[in-house]
Novice: 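Can you keep this structure in mind? I'll have questions shortly.
We count ligands from 1, going down the list as the structure has it; atoms in each ligand are counted the same way. Numbering of residues begins at 1 and proceeds along the displayed sequence.
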Amino acid sequence: MTADWRAAHGLLQRARFAISVPEPRLLPADSGLEVAFAGRSNSGKSSAINALCTQRGLARISRTPGRTQHLVVFELDAGRRLVDLPGFGYAKVSKVMRAHWERALPTYLETRQSLRGVVLLMDIRHPLKPPDELMIAWCAASGVPLHILLNKCDKLGRGPAAAARQLVARALAKSDGDASVQTFSALRHEGLQEAYAKLADWFDLQPPSDAVTN
Ligand code: GDP
């Protein structure tokens, strides 16, 4: 039986803010299934979480730099959750904070048993910046599946958007991890179905029973 994107759509609509923590060790118990969202600030990570969860105010859009340094947990059901990871490696983040996350995030990726995958947001006009390359390398090294959303594809025509996707796909082919990439627009709600299909797979969601043929 294959995972069903509609089931992921239904699940994410139930997202509720659970807790915001400054350290991975303060996250909820490491059981069930977890999917993390990562991305440079302004890549549209909050907008993507809101679009996928069909809730405008869920992840704060354009959070202040202080709050972006927390891990924010959204509970989906009793055994499944999303974790919005802090931005790291950006100009506005202090050197001390950067060094902290460059240790803490790979440890989280390596040790978090419930982590099924990482969704990495990039602005399609500025893909593969150094922090993105780091996240790709960390996921490959720790064996965590990665799915990249090339967000703001509404800002590019079809040709340039396809070219950006190709460029990233080629970089992923070299990284030898389990990684995929798609174009996405949180603003125009483009690419949602493809993203839900990936999330349905990671969250072990099956089609509703009335959709199953005997
Ligand atoms: P975050 O810092 O990564 O959480 O990014 P935000 O979600 O706060 O978005 C940063 C800016 O990009 C905001 O002004 C959003 O309105 C804008 N934005 C986010 N997604 C899209 C998109 O798909 N298309 C366009 N054109 N703008 C977007």
Side-chain angles (χ1 to χ4, degrees), residues 5 8-9 12-13 15-22 34-74 76 81-94 97-98 101-102 104-105 108 117-136 138-139 146-165 167-168 180-199:
W5 71 267
H9 181 210
L12 267 70
Q13 278 183 314
R16 292 287 173 272
F17 170 81
I19 192 172
S20 166
V21 296
E34 188 165 293
V35 170
F37 279 70
R40 303 170 65 225
S41 59
N42 218 36
S43 59
K45 179 157 57 84
S46 305
S47 304
I49 291 172
N50 289 343
L52 286 162
C53 297
T54 340
Q55 296 179 43
R56 255 166 211 268
L58 188 66
R60 275 272 257 349
I61 295 183
S62 300
R63 292 187 297 179
T64 58
R67 279 214 48 202
T68 58
Q69 293 305 296
H70 275 215
L71 297 94
V72 183
V73 181
F74 301 102
L76 304 176
R81 63 197 164 266
L82 303 179
V83 175
D84 183 358
L85 297 177
F88 70 97
Y90 316 116
K92 282 191 186 129
V93 176
S94 74
M97 265 296 174
R98 186 179 304 198
W101 288 116
E102 287 189 4
L105 286 177
Y108 163 74
V118 171
V119 176
L120 175 60
L121 268 291
M122 293 182 203
D123 184 324
I124 193 165
R125 300 165 299 173
H126 312 288
L128 300 173
K129 295 288 185 193
D132 303 323
E133 302 272 19
L134 265 182
M135 186 56 75
I136 292 168
W138 290 340
C139 285
L146 176 72
H147 186 63
I148 293 175
L149 301 182
L150 292 176
N151 191 34
K152 310 194 189 183
C153 72
D154 55 279
K155 293 270 194 187
L156 295 182
R158 272 177 193 273
R165 184 185 181 142
L167 179 90
V168 174
S180 46
V181 56
Q182 66 162 102
T183 53
F184 191 84
S185 169
L187 186 75
R188 300 249 189 271
H189 287 198
E190 281 175 44
L192 285 174
Q193 193 171 319
E194 195 176 346
Y196 285 136
K198 180 58 73 172
L199 292 166

Novice: Where do Val118 and Ala38 come nearest, in terms of heavy atoms and distance?
Specialist: CG1-CB, 4.2 Å
Novice: Nearest 0.5 angstrom please: Ile148 CD1 to Phe184 CZ, how far?
Specialist: 14.0 Å
Novice: Only heavy atoms of Gly44, strictly under 4.0 Å: list the atoms of ligand 1 that pass.
Specialist: 1 (P), 3 (O), 5 (O), 6 (P), 7 (O), 9 (O), 19 (C)
Novice: As an exercise, identify every atom of ligand 1 less than 4.0 angstrom from a heavy atom of Asp154.
Specialist: 22 (C), 23 (O), 24 (N), 25 (C), 26 (N)
Novice: So for ligand 1, is Lys155 a polar contact partner (N or O within less than 3.5 Å, distance only)?
Specialist: no
Novice: Please state which option from Leu149, Asn42, Asn50, Leu121 has its nearest heavy atom closest to atom 11 (C) of ligand 1.
Specialist: Asn42
Novice: Assess the residue pair Arg40 and Asp132 against the criterion (side-chain contact (heavy atoms from CB on, under 4.5 Å)); give the C-alpha distance rounded to whole Å, side-chain angles, the decisive distance to 0.1 Å, and a yes or no.
Specialist: CA-CA 8 Å; Arg40 303 170 65 225; Asp132 303 323; 3.7 Å; yes
Novice: Please say which of Leu71, Val72, Val83 ends up in a side-chain contact (heavy atoms from CB on, under 4.5 Å) with Val21.
Specialist: Leu71
Novice: May I ask you to decide if Gly191's main-chain N or O and Gln182's side chain share a donor-acceptor pair within less than 3.5 Å?
Specialist: yes
Novice: Just go through Arg125, Lys152, His189 and tell me whose heavy atom is the nearest to atom 17 (C) of ligand 1.
Specialist: Lys152
Novice: Please confirm whether the backbone N or O of Leu58 pairs with a side-chain atom of Asn50, one donor and one acceptor, at under 3.5 Å?
Specialist: yes
Novice: Applying side-chain contact (heavy atoms from CB on, under 4.5 Å) to Glu190 and Thr183, what does each step give before you reach the verdict?
Specialist: CA-CA 8 Å; Glu190 281 175 44; Thr183 53; over 6 Å; no
Novice: Report the residue from Leu150, Ile124, Leu120 that forms a side-chain contact (heavy atoms from CB on, under 4.5 Å) with Val168.
Specialist: Leu150
Novice: Counting both backbone and side chain atoms, is some N or O of Leu187 under 3.5 Å from an N or O of ligand 1?
Specialist: yes
Novice: Is there a donor-acceptor pair under 3.5 Å between the side chain of Gln55 and the backbone N or O of Gln13?
Specialist: yes
Novice: Short list, please: which atoms of ligand 1 are under 4.0 Å from a heavy atom of Ser185?
Specialist: 23 (O)
Novice: Could you tell me, atom by atom, which parts of ligand 1 come under 4.0 Å of a heavy atom of Arg40?
Specialist: 3 (O)
Novice: Taking heavy atoms and a distance under 4.0 Å, where does Arg188 meet ligand 1: side chain, backbone, both or neither?
Specialist: neither
Novice: Would you say Ser43 and ligand 1 have an N/O pair spaced under 3.5 Å apart?
Specialist: yes
Novice: Does Ser41, backbone or side chain, put an N or O under 3.5 Å from an N or O of ligand 1?
Specialist: no
Novice: Heavy-atom contacts under 4.0 Å between Asn151 and ligand 1: side chain, backbone, both, or neither?
Specialist: side chain
Novice: In this structure, does ligand 1 have an atom that sits under 4.0 Å from one of the heavy atoms of Glu190?
Specialist: no
Novice: Mark the output for Gly39 as yes if a heavy-atom distance to ligand 1 is under 4.0 Å, and as no if none is.
Specialist: no
